[in-house]
Structures are given as structure tokens and as C-alpha cells.
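Single-structure report; data block below.
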Amino acid sequence: MEGELTWRTLTAMYSLYEGNKISATKKNDNKFRNLMSRKLVQYQPGNHNYLIKGEKYDDYFAKRYLEDYLEYDQFLKSVQRDVNGRQTYTVNDIRSLQFIADNKTQIRDSLTTRHTFSEEFFEHGGSKHLDIYPGLDKLVLSILGVEDYPQDDPKMHQWRFVVDVGDPRCIVLCENLNFLKIPRTAREHKIELWYVGGNNTKGTPFIDEKKLDIPLFYSCDWDCKGLEIYTRLKKIFQKKGCDIKLLYPSEPIKKYPVNMKKHKSKWKPSLPFSGLEQSHFIPKETHLINELISTDKWVEEETNNLVLMVKGYMDL
């Protein structure tokens, strides 16, 4: 599901699925413009003040959105009594709220300032996201059961977030929280996820040795910071007598300019191989990294397909 889709738009789409007509003012919404261009939604005959669904709309919505909508609806009603179809939360926001609710005790015990918290858990919006959307900020505080954020960041916040699965086929260590916010996909394929972004790599030496008997992979942004974390993890697990493999981006590889908004990791063109330890990478990885350095681009972890990346190394 598109992460930028709003709850307001998704609710209107569900209303059509239920057989209701909706106001034609929705024709100005990007999603509804797309639906109308595909003949899935149309004006009500004889009355262009309303939109109705086309004959293929129900199959389209049921296949792509229904399960997620029902899950989000149940969740929002559980944390906000006055929730309705007018909230402007995006799907990315709702996934972040679900993650916060599932891990609220651990998060509350090491709470950071508002801007650090926003950068960490609403990375799609950045450090000012909760400033821009005070209603969302208020809901976060309510879920956590606190009145406000601390004025200063704690010296350490060693969160260790895990998506546990019964009898995992493999373990994927993730630089970012994105895949952990959609745990259904990982659990369906028996992929256990660990969050090891930033300083959280310091907790990896204490991982239960029993967990190291199954394949280990690392998923990250293919930029300088993400790949530096990989080399640190490689050394940590080598000392434990095991190996960790870097997940190669799924096709098609989506590349973005390094200097795009909200992206802070820059290549180091003055250093050979951007200062990375080339011996830790196989030829295919080295080739892509050199291409990214030379074109000043990067690959965002979130744009990849977790299951397809893992299938590049093993059967699921």
C-alpha cells in the first residue's frame, strides 16, 4: 500500500467498496484521479456531484487495500475514541503509531526529545514531523502514557526491537524500522527481524548464540552510513564464528540523488571505495557501490522488497 495515502482517502475508498457514493470533491485527490483515469471510479450518471464505483472496483480494493484498511481501522479505534474518516494521518503515520503502541514500554523507558523521537519513529517525515502535525503528536503522547517529551536526550537509548516469529527460517538485521512496521509480511515468510540501526549495533555482541545457527542477513540503505554499519556487523559476527550476508536490492533498483531532502549520508569520493572495507563485499556488491559513488546516488532500503531480497539467497 502507498505509504503516503491518507486515512481520509482510504476511508473514502472503503465507503465506495461498501456501496456508498461519495462527494465528487474527491476528484481532486491524486488517488481518486488515478482511479477515475482507470475507470474504476466514475461520476454518478446524471449527477456529477457524486462519485460511484465501477464494476471492477470491488475486486481492486479487496485485493490491495481491504485487509490493511480493516487492520488500521481497528487499531485507530483502539487508541483514539473520536477517530473518524477526516484524520489526515498517512499510512506511514499509522504504521509508526502501531509500532509505537506495540513497543510502548521499551520506548517510554528511554524516551528522547520530540525532534529525535520524530526522526527515529517518523523517519518518512523527519525531525519536524510531529511539530507540523500536533494532532498526531498528541496521539503519540497518549499512546505512550506521558505528558511530554524530555528536554534533553538521554545519553544512551539502546532500543532492541524485534519482530519474533516461531521457528524462523532466517534473521534479517535492519538499519531502519520500515520493515518492522509491517510485521505481517515477515511473519508470513518466517523471517525474524531485528532493528540494529545506528548505535544499536552495540547490542549485537550479546545476541543469544542459539540464534546464530540460521542464516543471517543485513538490510540497509545502500549509502555510506548503511554500508559502514554492515562492515561493523561483519566484524562482530566474524568474532562469533559466523557470517552475515548483505541483502542485494530487489529489482528494479530505485536510485535517488544523495542530496535529496531528508537524506544525510554522503559518499566520500576523496577516499578509495568511499572509505569502506572492500574485502567485505562480493564483486556484484562492489560493482553497484562503485556505480552509486560515481553517480552520487543511493538506494533506499524502504523501496526494496524484503521477501524478494531474501529469496535471492534461499528458498522461503
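Residues take their numbers from the sequence shown, with the count starting at 1. Computed from heavy atoms alone, side chains included, the values below leave out hydrogens, waters and symmetry copies.
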Under 3.5 Å, side-chain donor or acceptor atoms of residues 246-256 against the rest of the protein: list the pairs with distances, not counting sequence neighbours.
unit_1	atom_1	unit_2	atom_2	d
Ser250	OG	Asn305	N	2.9
Lys255	NZ	Glu291	OE2	2.1

Show every donor-acceptor pair shorter than 3.5 Å between a side-chain atom in residues 266-276 and any protein atom, with sequence neighbours excluded, or say none if there are none.
unit_1	atom_1	unit_2	atom_2	d
Lys266	NZ	Val258	O	3.4
Trp267	NE1	Lys297	O	2.7
Lys268	NZ	Glu228	OE2	2.9
Ser274	OG	Lys268	N	2.8

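Taking the salt bridge (charged side-chain N to carboxylate O under 4.0 Å, His left out) definition, one finds that Lys245 meets it with nothing, sequence neighbours left out.
No donor-acceptor pair under 3.5 Å is formed between the side chain of Ser118 and the backbone N or O of His115. A side-chain donor-acceptor contact under 3.5 Å links Thr303 to the backbone of Glu300. Looking at Lys181, its side chain never comes within 3.5 Å of a backbone N or O of Gln98 through a donor-acceptor pair. Between the side chain of Lys234 and the backbone N or O of Ile244, at least one donor-acceptor pair lies under 3.5 Å. Using a distance-only test at 3.5 Å, with no hydrogens or angles considered, a donor-acceptor pair links the side chain of Thr286 to the main chain of Ile282. Side chain of Ser15 to backbone of Thr11: no donor-acceptor contact under 3.5 angstrom is found. A donor-acceptor pair under 3.5 Å links the side-chain atoms of Asn84 to the main chain of Arg86, judged by distance alone. Of the possible polar contacts, one joining the Arg108 side chain to the Leu144 backbone as a donor-acceptor pair under 3.5 Å is found. Checked by atom type and distance alone, the side chain of Thr6 never pairs as donor or acceptor with a backbone atom of Thr88 at under 3.5 Å. Not one N or O on the side chain of Gln42 forms a donor-acceptor pair closer than 3.5 Å with the backbone of Lys39.
In this structure, Lys27 forms no cation-pi arrangement with Phe32, as its terminal cationic atom is not both closer than 6.0 Å to the ring centre and no more than 45° off the ring axis.
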Given salt bridge (Lys or Arg N to Asp or Glu O under 4.0 Å), test Asp167 with Lys190 step by step and report yes or no.
-> CA-CA 7 Å; Asp167 191 24; Lys190 297 288 187 179; 5.9 Å; no
Tyr65 and Leu5: CA distance, side-chain angles, deciding distance, side chain to side chain contact (heavy atoms under 4.5 Å, CB included) verdict | CA-CA 11 Å; Tyr65 297 102; Leu5 192 66; 3.9 Å; yes
Begin with the C-alpha distance, continue with both residues' side-chain angles, and end with the deciding distance and a verdict on side chain to side chain donor-acceptor pair (under 3.5 Å) for Glu4 and Thr90.
-> CA-CA 5 Å; Glu4 295 305 312; Thr90 65; 4.9 Å; no
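Residues Arg8 and Tyr89 have side chains that never bring a donor and an acceptor to within less than 3.5 angstrom of each other. A side-chain donor-acceptor contact under 3.5 Å links Asp137 and Tyr149. Side chain to side chain, His124 and Asp93 meet the donor-acceptor criterion of an N or O pair below 3.5 Å. Between the side chains of Trp194 and Glu192, a donor-acceptor pair is found at a separation under 3.5 Å.
Atom NE2 of His287 is surrounded by 12 or fewer heavy atoms from other residues, nucleotides or ligands within 6.0 Å. Surrounding CG of Asp82 are more than 12 heavy atoms belonging to other residues, nucleotides or ligands, all under 6.0 Å away. For CD of Glu18, the number of neighbouring non-hydrogen atoms (other residues, nucleotides, ligands) closer than 6.0 Å is greater than 12. For Phe161, the CZ atom sits in a packed shell: over 12 heavy atoms of surrounding residues, nucleotides or ligands are nearer than 6.0 Å. Shown here is Lys31, whose NZ atom has more than 12 heavy atoms of other residues, nucleotides or ligands within 6.0 Å.
By the criterion of side-chain heavy atoms lying less than 4.5 angstrom apart, applied directly or through intervening Ile, Leu, Val, Met, Phe, Trp or Tyr residues, Phe99 is grouped together with Leu111 in one hydrophobic cluster. Ile182 and Leu76 are not part of a single hydrophobic cluster, where members link through side-chain heavy atoms under 4.5 Å apart. One hydrophobic cluster, built from ILVMFWY side chains closer than 4.5 Å, cannot hold both Val165 and Tyr195; they sit in different ones.
Atom CD of Glu175 sits about 6.0 Å away from atom NZ of Lys225, to the nearest 0.5 Å. Remark: Glu301 CD to Leu177 CG distance equals 9.0 Å, nearest 0.5 Å. Atom CG of Asn176 and atom CG of Asp221 lie 4.5 Å apart (nearest 0.5 Å). Put simply, CZ on Arg33 and NZ on Lys26 are 12.0 Å apart, with the number rounded to the nearest 0.5 Å. We find the CZ-CG distance between Arg64 and Asp68 to be 12.5 Å, quoted to the nearest 0.5 Å. Taken from OG in Ser96 to NE2 in His129, the straight-line distance is 7.5 Å, to the nearest 0.5 Å.
Between Trp7 and Tyr69, the angle of the ring planes stays under 30°, which puts this pair in the parallel group of the 30/60° scheme. Classified by interplanar angle (parallel below 30°, tilted 30° to 60°, perpendicular above 60°), the ring pair Tyr60/Tyr57 is tilted. Aromatic ring pairs are classed by plane angle as parallel below 30°, tilted from 30° to 60° and perpendicular above 60°; the pair Tyr218 and Tyr230 is parallel.
Using a 4.0 Å cut-off between a side-chain N of Lys or Arg and a carboxylate O of Asp or Glu, Lys77 and Asp73 qualify as a salt bridge. Between Arg114 and Asp148, at least one side-chain nitrogen of the basic residue sits less than 4.0 Å from a carboxylate oxygen of the acidic one, meeting the salt-bridge criterion.
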